[in-house]
Amino acid sequence: MTTEPEPLPLTWLYAPGDRPSVVAKALRAGADVVIVDLEDAVARERKEYARAATAELLSEPPPLPVHVRVNALDTPQGDADLRSLLPLPGLSALRLPKVTSPAQITRTAERTAGLPLYALLESALGIERAYAIATADPSLRGIALGEADLRADLGVREEAGLDWSRARVVLAARAAGLAPPAQSVYPDVRDLAGLAVSCAHGRSLGFLGRAAIHPDQLPVIEHAYLPSLEEIASAEEIIKAAATEPGAQALPNGRLIDTAVVAAAHRTLALARRRT
């Protein structure tokens, strides 16, 4: 009997590491994963305080998975982050910014002893090496875009100018056997309608879920990525037909189903469980 896979995270909420009260609110906001940011969200003069506050938070397991986005690898700040965080029992994973080579992943993996790693690709060079980075080490559990830095690197102004890079990251992740990547953050926290449109576009490209920078964005992201009632009904029909008659077949509506279609239907129903 085929077992439905566990649903993957859909919402990843960033919170600045130097603001413990904001992190505490993020942990209660309903996100699947909270990402404590020690990098872009923290001014240079606040780095040490952010590191100490995050170490205190993670001195015991929090109520949900907490990832930490460290400072850039191969820098003194990044090195200090790793030395401070690695012994902590509450740390679920590390988010590694501005990754441009597989060697950065392997060097970090040697220090982290199997701790899950996620690479952020934020430059043309990182995108060009996406598959090599995605397959660098078994500790790497996912890759994602950092669109703000990538946009600046490429000189892109229009949204469509990032679609090739987005598709490249999705393909590299899936080719490497990783979960579909989550979309990068939507920077306008008040434009929830625009966020919904952007999420629909991201879903069409193969993303699954999205990083957020404000709790108000979470229900919009979840709604956009949850399967519709029509998709759920179709998945149930496919699985019922596959159980009755194994192998490739055509449904009454003429749609051909095979093993890949059945697997996709199971993934749809795994996500659908979040509706209840």
Search all heavy atoms of Leu218 against all heavy atoms of Ala212 and return the closest pair with its distance.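 Taking every non-hydrogen atom into account, CD2-CB, 3.9 Å.
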
Please report the shortest heavy-atom distance between Pro62 and Gly90, naming the atom on each side.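 That closest heavy-atom pairing would be CD-O, 3.5 Å.
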
Would you mind writing out the side-chain donor-acceptor pairs for residues 115-125 within the sub-3.5 Å range, not counting sequence neighbours?
unit_1 : atom_1 : unit_2 : atom_2 : d
Glu122 : OE2    : Lys98  : N      : 2.7
Ser123 : OG     : Gly126 : N      : 3.1

Residues which pass salt bridge (charged side-chain N to carboxylate O under 4.0 Å, His left out) with Arg166, listed by chain and number, not counting sequence neighbours: Glu147, Glu159, Asp163

Between [X] (side chain only) and [Y] (backbone N and O only), is there a donor and an acceptor less than 3.5 Å apart?
X      : Y      : value
Thr112 : Thr108 : yes
Asp32  : Thr11  : yes
Gln104 : Ser101 : yes
Ser84  : Ala80  : no

Only counting residues at least two apart or in another chain, list the ones meeting side chain to side chain donor-acceptor pair (under 3.5 Å) with Arg107.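 Arg107 satisfies side chain to side chain donor-acceptor pair (under 3.5 Å) with Asp74 once adjacent residues are dropped.
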
Could you name each residue pair satisfying side-chain hydrogen bond (donor to acceptor under 3.5 Å, both in side chains) that touches residues 206-221, not counting sequence neighbours?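 Residue pairs passing side-chain hydrogen bond (donor to acceptor under 3.5 Å, both in side chains), neighbours aside: Ser198-Arg210.
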
Taking a hydrophobic cluster as the set of Ile, Leu, Val, Met, Phe, Trp and Tyr residues connected by side-chain heavy atoms closer than 4.5 Å, whether directly or through intermediates, do Val156 and Val170 fall within one such cluster? no

Give the cluster check for Leu86 versus Leu88: same hydrophobic cluster or not, with ILVMFWY residues linked at side-chain heavy-atom distances below 4.5 Å.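 Per the 4.5 Å side-chain linkage, Leu86 and Leu88 are co-clustered.
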
The side chain to side chain contact (heavy atoms under 4.5 Å, CB included) partners of Pro102 (sequence neighbours excluded) come to Ala132, Ile133, Ala136

Residues forming a side chain to side chain contact (heavy atoms under 4.5 Å, CB included) with Arg168, sequence neighbours excluded: Ile127, Ala130, Trp164

Does Arg151 CZ have over 12 foreign heavy atoms under 6.0 Å away?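 Atom CZ in Arg151 is crowded, with more than 12 foreign heavy atoms closer than 6.0 Å.
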
